[in-house]
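Taking it in order: structure first as structure tokens, then the write-up.
All values derive from a computational prediction rather than experimental measurement.
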Amino acid sequence: MWLMGFLLLLTGCNSEPSNKQQEQEQKQQEAEPFCLDEPFKSQVKLLELEKQVLSQSVHFTGRVQAAQDDLLDFKSPLDGTVQMVHFELGDYVKQGQVMARVASTEITQLKGEQLNLESEIELLEESVQVKKDMLSGGLSSNLEVLELKNSLKQTKNKLNNINHLLSFYHSTSQEGVFEILAPKSGYVVKKNINNNSTFSAREETLFSLSSLEHVWVLVDIHARDIPKISTGASARIMTNAYTDRTYQGVVSQMSQVLDENDKVLKARVELDNKDLSLKPGMSAEIWVSSNTSEKREEVAIPNESLIYADGKQYALIYVDDCQIEIREVDPILANDQYTFVNKNFETGELLINSHELLLFEQIRKNL
């Protein structure tokens, strides 16, 4: 009886695969190479590797501001109290546009002088005429007439000066009020004036205007990076507002003295901004081409194609649909666009330049 049971057990074991056999079959299935299918392959971009001259860039952060050579800071020639402001920060204004109406005691004084001079001129004109009549009757002298005429001329000159000042200050018909006009066309990039506020003559900037067709990005350079940067170096700029767009500029100036507080060297990058996309106050990421004595060429891998895993960098090389190789990247130099290598990669090889992370994970599962 026990022999019959043993035979039945043995037969059962042979009829059903063991756990070990199942694991082996699963491993065989998993070991099958990953292949690109046609629908997905059409979405994968391939880039032929090329050599480029070694170049390095240094990363900085900065802030956009209006170019100083295009910026006009307006300061009032008179003290005053603001009655009405006719603009807001960011507005576009045209030259000659009324920016604000301001009450000023100096305008009141000038108006008073104007009235006094006008009255004085009327009296002098009458006196001259009287002296002329008296001169014809022998009751006055030519000298007296000439003296009155000279006084009249001087008084008229004073009145002309007062009228010129009132015109220059854009005084209005309202008593003691003058208007501030836009001295140029442009955008209001700074505003320090509000209704009922007071200001002193030639001390405070009330507003600033700029066309914004040319802007600066101000950069702080730490001491360790000073030897790497020089004026004339090309710069690449990105902003949080336009993450898919880059701007090209040039380092136009570097200070020769470190800032006492921040212990950094101030530098500026100049940019054209004809489309007005860059706004003052925007934060920016800047990559400045670094000084390097090496002029040799090496294979350049675009940074967006790199895959970071396990503390290393990798890139995918396409051989055929069923052979995509994962290769470790051993950089010799890098900038904001490319990582340069001199081993594991050759010119002419096809680099996978899209969906690389998805493919990387899938290939690793099949290894």
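- Here Glu298 pairs with Arg296 under the side chain to side chain donor-acceptor pair (under 3.5 Å) rule; sequence neighbours left out.
- Counting Ile, Leu, Val, Met, Phe, Trp and Tyr side chains that sit under 4.5 Å apart, directly or through other members, Leu123 stands alone, with no cluster partners.
- Sorted by first and then second residue, the disulfide bond (SG atoms under 2.5 Å apart) pairs with a member in residues 73-142 form an empty list; sequence neighbours excluded.
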Which donor-acceptor pairs under 3.5 Å do the side chains of residues 39-46 make with protein atoms, sequence neighbours left out?
from  : atom 1 : to     : atom 2 : distance (Å)
Lys41 : NZ     : Asp321 : OD1    : 3.0
Lys41 : NZ     : Asp321 : OD2    : 3.3
Ser42 : OG     : Pro39  : O      : 2.7

Could you go through residues 214-221 and list every donor-acceptor pair under 3.5 Å that involves a side-chain atom there, pairing it with any protein atom two or more places apart or in another chain?
from   : atom 1 : to     : atom 2 : distance (Å)
His214 : ND1    : Leu271 : O      : 3.2
His214 : NE2    : Glu270 : OE1    : 3.2
Asp220 : OD1    : Lys266 : NZ     : 2.9

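- Listed by chain and number, the residues in a ring pair (Phe, Tyr, Trp, His ring centres under 6.0 Å) with Tyr318 amount to none (sequence neighbours excluded).
- Applying the salt bridge (charged side-chain N to carboxylate O under 4.0 Å, His left out) test to pairs two or more places apart or on separate chains, none has a residue in residues 248-261.
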Please set out all donor-acceptor pairs under 3.5 angstrom arising from side-chain atoms of residues 239-246, sequence neighbours excluded.
from   : atom 1 : to     : atom 2 : distance (Å)
Thr239 : OG1    : Tyr242 : N      : 3.3
Asn240 : ND2    : Ser283 : OG     : 3.2
Tyr242 : OH     : Ser277 : O      : 3.4
Arg245 : NH1    : Asp275 : OD2    : 3.0
Arg245 : NH2    : Asp275 : OD2    : 2.7

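- Phe360 meets the ring pair (Phe, Tyr, Trp, His ring centres under 6.0 Å) test with Tyr314; sequence neighbours excluded.
- For residues 340-354, the set of pairs meeting the salt bridge (charged side-chain N to carboxylate O under 4.0 Å, His left out) definition, not counting sequence neighbours, comprises Arg327-Glu349, Asp330-Lys343.
- Applying the salt bridge (charged side-chain N to carboxylate O under 4.0 Å, His left out) test to residues at least two apart or on different chains, the pairs with a partner in residues 160-182 are Arg101-Glu179.
- Pairs of residues two or more places apart, or lying in two chains, that qualify as salt bridge (charged side-chain N to carboxylate O under 4.0 Å, His left out) and include a residue from residues 145-173 are Glu125-Lys156.
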